[in-house]
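Along the sequence shown, the residues carry numbers beginning at 1.
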Amino acid sequence: MEQYTVSELEDALKVVKRLLPPRYECLACYVNRMLDHGCSGLKWCTTYRDLRAPRATSLERKFPELGGYCDCEVMANVFRVNDEFWTRGEDGNVNESYGPPCHKVRLGTIRPCELWLMRSGVQWGGGVFRAATKAS
């Protein structure tokens, strides 16, 4: 059996920790951050769902209906930035290279924080982007 040093194990745990969604981070912020590690199907969406919102079982059916067949398409077609929270570059476009910190959501939801607009589709209101609503 191969022996690992404490330093090697600590480094491996740091990598794993970066791949897990922090408590209260929203799905859109998590997937946006994880796309730096590549896109292969709905891997990051389902990872988030399995760890933070296990009751959101229709995610794999609803996201493709909204044009999100993989994680990068989810960020292109299901979620988009809420302009009022993102800085604009000199050209007037939203600067997506710097993302503000997640505004956090309750556990168990796949709804985005207020940094993002989520597209409503066939069963979610007709294909319009809507801001997240605050729970009272």
Side-chain angles (χ1 to χ4, degrees):
M1 187 159 90
E2 192 172 340
Q3 296 292 320
Y4 296 98
T5 66
V6 171
S7 175
E8 289 173 327
L9 291 173
E10 287 173 346
D11 291 343
L13 285 173
K14 286 177 188 175
V15 170
V16 169
K17 188 175 180 183
R18 280 194 304 257
L19 296 177
L20 296 175
R23 198 167 173 87
Y24 306 114
E25 181 179 40
C26 76
L27 172 62
C29 288
Y30 175 72
V31 173
N32 188 53
R33 187 169 54 85
M34 289 296 101
L35 284 177
D36 290 342
H37 300 285
C39 175
S40 114
L42 291 171
K43 175 172 73 174
W44 301 119
C45 288
T46 56
T47 297
Y48 180 92
R49 191 262 327 268
D50 293 347
L51 296 170
R52 295 288 180 244
R55 295 181 67 188
T57 56
S58 63
L59 176 145
E60 290 153 308
R61 180 181 52 83
K62 287 185 178 181
F63 281 4
E65 288 177 2
L66 299 172
Y69 296 94
C70 65
D71 293 320
C72 61
E73 287 180 344
V74 166
M75 294 312 296
N77 299 325
V78 179
F79 300 116
R80 75 167 193 217
V81 297
N82 186 348
D83 291 343
E84 72 181 77
F85 293 101
W86 293 70
T87 58
R88 295 191 171 275
E90 292 178 10
D91 59 359
N93 292 326
V94 171
N95 180 5
E96 291 186 46
S97 62
Y98 165 74
C102 185
H103 285 204
K104 302 188 179 179
V105 294
R106 68 175 172 78
L107 292 175
T109 186
I110 60 168
R111 292 281 178 185
C113 70
E114 58 193 357
L115 295 176
W116 305 91
L117 301 176
M118 185 171 185
R119 183 172 174 211
S120 299
V122 177
Q123 295 156 347
W124 291 358
V128 236
F129 284 94
R130 300 178 197 265
T133 55
K134 289 280 186 185
S136 2

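Minimum interatomic distance between E8 and Y4 (heavy atoms only, all atoms of both residues): OE1-CA, 3.4 Å. Of all the heavy atoms in T47 and K43, the pair that sits closest is OG1-O, 2.7 Å. Heavy-atom minimum distance, G67 versus R119: N-NH1, 4.4 Å.
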Decide yes or no on side-chain contact (heavy atoms from CB on, under 4.5 Å) for W116 and M75, but give the supporting numbers first. CA-CA 10 Å; W116 305 91; M75 294 312 296; 3.4 Å; yes
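Side-chain contact check for C39 versus W44: every heavy-atom pair is 4.5 Å or farther apart. Using a 4.5 Å cut-off on side-chain heavy atoms (C-beta onward), N82 and L117 make contact. Between P22 and R33 the shortest side-chain heavy-atom distance falls below 4.5 Å. Proximity of D71 to M34: side-chain heavy atoms (C-beta onward) are nowhere separated by under 4.5 Å.
Taking the side-chain contact (heavy atoms from CB on, under 4.5 Å) definition, one finds that D11 meets it with S7, K14, sequence neighbours left out. Under the salt bridge (Lys or Arg N to Asp or Glu O under 4.0 Å) criterion, E73 pairs with no residue at all, not counting sequence neighbours. Residues that satisfy the salt bridge (Lys or Arg N to Asp or Glu O under 4.0 Å) test with D83, not counting sequence neighbours, are R88. For the ring pair (Phe, Tyr, Trp, His ring centres under 6.0 Å) test, no residue two or more places apart in sequence or in another chain qualifies with Y24. Every residue two or more places apart in sequence or in another chain that forms a side-chain contact (heavy atoms from CB on, under 4.5 Å) with R49 is listed here: T46, A56, L59, E60.
Hydrophobic cluster of Y69: no remaining members, since no ILVMFWY side chain lies below 4.5 Å from it.
A distance-only check finds no donor-acceptor pair linking the side chain of S58 to the backbone of R61 [under 3.5 Å].
Note: the hydrophobic cluster containing L19 also contains V74 (ILVMFWY, side chain heavy atoms under 4.5 Å, direct or indirect links). In the hydrophobic clustering of this structure, V105 groups with F85; members are Ile, Leu, Val, Met, Phe, Trp, Tyr whose side-chain heavy atoms approach within less than 4.5 Å, directly or through other members.
Taking the six-membered ring where tryptophan is involved, the planes of Y48 and Y30 are tilted, since the angle between them lies from 30° to 60°.
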